There are 2 protein chains.
Amino acid sequence: MTNLFENINEQNIRKIKRFLRATTTTYPKGVNILSNVNQDDFIAIVDLGSIQFESTDYNGNKSIIETINQGGTFGSLTFPINNEEVSCITKEITQITYIEYDSITNDEISKTDSYIIFIKNLIKILSDQVNEKNNRIEILTKKTTRDKLLEYFKQQVSERGSKTFTIPISFTELANHLSVDRSAMTRELSYLKDDGIIKTNGRKITLLY
Amino acid sequence: MTNLFENINEQNIRKIKRFLRATTTTYPKGVNILSNVNQDDFIAIVDLGSIQFESTDYNGNKSIIETINQGGTFGSLTFPINNEEVSCITKEITQITYIEYDSITNDEISKTDSYIIFIKNLIKILSDQVNEKNNRIEILTKKTTRDKLLEYFKQQVSERGSKTFTIPISFTELANHLSVDRSAMTRELSYLKDDGIIKTNGRKITLLY
DNA sequence: TGTAAAATGTTGCAAATGCAACATTTGTTA
DNA sequence: TAACAAATGTTGCATTTGCAACATTTTACA
């Protein structure tokens with residue numbers, strides 16, 4: 001994952017942050033950080049801790065949209081922040097830096113050293129986000145739980161370069177990622193084992209084809 | 001939709017394109033443009049015509065991933081171009097301009113007038129793409145066809161600002177967008193009408209709640 | 001404008017899946 | 001480390017859905 005200030009030295013980071021009118025806030029665990037965000041477009045960086053975007057259905061169903069860990073980025077440009085159904089909860093003590101979107105392209109900053117690197121990092125981060133969403137969509141468009149699992153496994157194999165890998169999340173979270181019922185997913189996993197398509201040991205999975 | 005060269009005059013567009021080592025190709029209808037794309041990262045702009053990304057399953061099922069019309073943008077940074085399962089077919093005579101990703105942040109171009117505007121347009125395009133994908137994911141994570149339809153309708157209402165709207169695609173394409181069986185979707189639409197939740201007239205739909 | 005292609009509407013049926021309701025194991029933290 | 005919370009595994013059952021196979025209407029274009 002690319003960090004917004006990757007390959008920029010501390011001095012230039014400070015300079016860029018000043019031009020970008022960056023502000024840093026620290027939140028305790030379990031609060032909704034979206035409740036007091038202002039209306040201007042912004043990009044936010046999770047300096048420390050982690051957060052979780054959640055949405056609540058009209059019939060009260062909660063679903064986890066996305067988890068963002070330390071170093072991760074989110075923003076009003078890429079997410080409907082002002083949606084009553086969406087909340088963003090800190091999972092632990094979390095420090096977040098906000099930068100104003102409009103200041104990204106002001107004249108002052110464009111003359112700053114490392115500005116091009118900063119822009120390139122930002123473009124990389126946004127591109128990576130599109131790619132991640134494409135992967136998720138590729139999974140979600142599969143019709144059956146089996147095909148969703150196999151697509152997820154295929155992506156893991158392609159990322160790790162090995163047919164044996166340990167899934168980086170719990171099965172409960174995986175079911176959420178695939179948007180299927182957890183117990184139905186467990187059932188399908190045993191069918192896959194019965195059919196000799198996968199082998200499992202806890203969260204370690206081996207594709208056998 | 002933002003155009004990559006929005007708010008930049010013709011002269012500066014030519015200058016930027018030169019620095020970006022832009023090349024333009026025209027394709028006849030019905031060809032796969034991904035078959036002869038080179039390996040470097042690029043961003044492509046559809047100057048004229050339209051294209052359609054398609055993927056083919058291991059069991060031969062075709063699905064339409066995305067349609068890009070005139071003015072639209074795509075690129076290797078945000079899409080797995082070198083995937084044997086994915087093809088990109090021209091739907092009509094289509095002209096495409098390719099720009100090299102690495103040249104976006106070279107030193108020459110950063111001194112060009114309108115460079116900041118170009119960068120801002122690019123960031124806007126990428127952000128919009130993330131937003132679109134978020135919307136699609138929001139739909140696809142719904143468990144039932146009914147909830148997928150209602151989420152799609154909600155997005156349309158929110159975009160158009162009216163509870164009556166005409167869907168911009170065919171019902172066949174809509175079923176694809178929701179990743180549900182077309183006939184099952186038609187069935188669910190009549191249930192929604194029976195239940196007094198929507199009213200339809202061809203592709204014109206009115207939400208009644 | 002005639003004809004082929006695409007879109008739309010309908011229905012029976014088998015298969016997949018969500019849901020509920022558990023038991024059991026693992027992990028967390030006061 | 002005891003107690004509680006979270007994760008995992010299992011199964012019956014009702015519901016939803018994909019799929020196939022049509023008929024009919026609309027659209028595209030030669």
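By convention in this document, chain letters (A, B, ...) are assigned in the order of the sequence lines, proteins followed by strands, and residues within each chain are numbered from 1. Predicted, not measured: the structure shown is a model, and the values here were computed from it.
Taking a cutoff of 4.0 Å between a charged side-chain nitrogen and a carboxylate oxygen, A:Lys143 and A:Asp147 do not qualify as a salt bridge. Salt-bridge check for A:Glu66 with A:Lys133: passed, with a basic side-chain N closer than 4.0 Å to an acidic carboxylate O. Ion pairing of A:Asp181 with A:Arg187 is absent here, as no side-chain N (NZ or NE/NH1/NH2) approaches a carboxylate O to less than 4.0 Å. In this structure, A:Glu151 does not pair ionically with A:Lys148, as no charged nitrogen and carboxylate oxygen lie closer than 4.0 Å.
Checked by distance alone, B:Arg182 brings no side-chain donor or acceptor within 3.5 Å of a matching partner on the base of D:dG18. A donor-acceptor contact under 3.5 Å links the side chain of A:Ser183 to the base of C:dA20. Side-chain to base pairing of B:Ser170 with C:dA6: no donor and acceptor N or O lie closer than 3.5 Å to each other.
Along DNA chain C, the nucleotide nearest B:Glu173 and the nucleotide nearest B:Ala184 are compared for position; the residue whose nucleotide lies closer to the 5' end is B:Glu173. Nearer the 5' end of DNA chain D, as judged by each residue's closest nucleotide, is the contact made by A:Thr172, out of A:Lys143 and A:Thr172.
The residue from B:Lys193, B:Lys199, B:Lys163 that alone fulfils the side chain to side chain contact (heavy atoms under 4.5 Å, CB included) condition with B:Leu208 is B:Lys199.
The aromatic rings of B:Tyr98 and B:Phe42 lie perpendicular to each other, with more than 60° between the two planes, well past the 30° mark. Using bins of under 30°, 30° to 60° and over 60° for the plane-to-plane angle, the ring pair B:Phe165/B:Phe153 lands in the tilted bin.
In this structure, B:Arg203 atom CZ and D:dT25 atom P are separated by 17 Å, rounded to whole Å. C:dG18 atom C1' lies 16 Å from atom NZ of B:Lys142, rounded to whole Å. Summarising the geometry, the separation between CD1 on A:Ile167 and P on D:dA7 is reported as 12 Å, rounded to the nearest angstrom. Distance, B:Lys204 NZ to C:dT8 P: 17 Å, rounded to whole Å. In this structure, B:Leu178 atom CG and D:dT16 atom C1' are separated by 15 Å, rounded to whole Å. Counting to the nearest Å, the C1' atom of C:dT8 and the CD1 atom of B:Ile205 are 13 Å from each other.
Which of D:dA7, C:dT8, D:dT17 sits closest to the side chain of B:Phe171 comes down to C:dT8. Among the nucleotides C:dT8, D:dT16, D:dG9, the one closest to the side chain of B:Thr144 is D:dT16. If you check C:dG18, C:dA7, D:dT17 against the side chain of A:Asp181, the one that comes closest is C:dG18.
Inter-residue side-chain proximity for A:Ile8 and A:Ile16 is flagged as met; some heavy-atom pair is nearer than 4.5 Å.
Neither OP1 nor OP2 of C:dT17 sits under 4.0 Å from any side-chain N or O of A:Arg146.
The ring of B:Tyr115 has its center no closer than 6.0 angstrom to the ring center of B:Phe19.
For B:Arg21, the salt bridge (charged side-chain N to carboxylate O under 4.0 Å, His left out) partners two or more places apart in sequence, or in a different chain, are B:Glu100.
Of the residues in residues 185-197 of chain A, A:Thr186, A:Arg187 come within less than 4.0 Å of DNA chain D through at least one heavy atom, sorted by number.
Remark: DNA chain C forms stems of 3 or more consecutive Watson-Crick or G-U wobble pairs, all pair distances under 3.5 Å, at C:1-30 with D:1-30.
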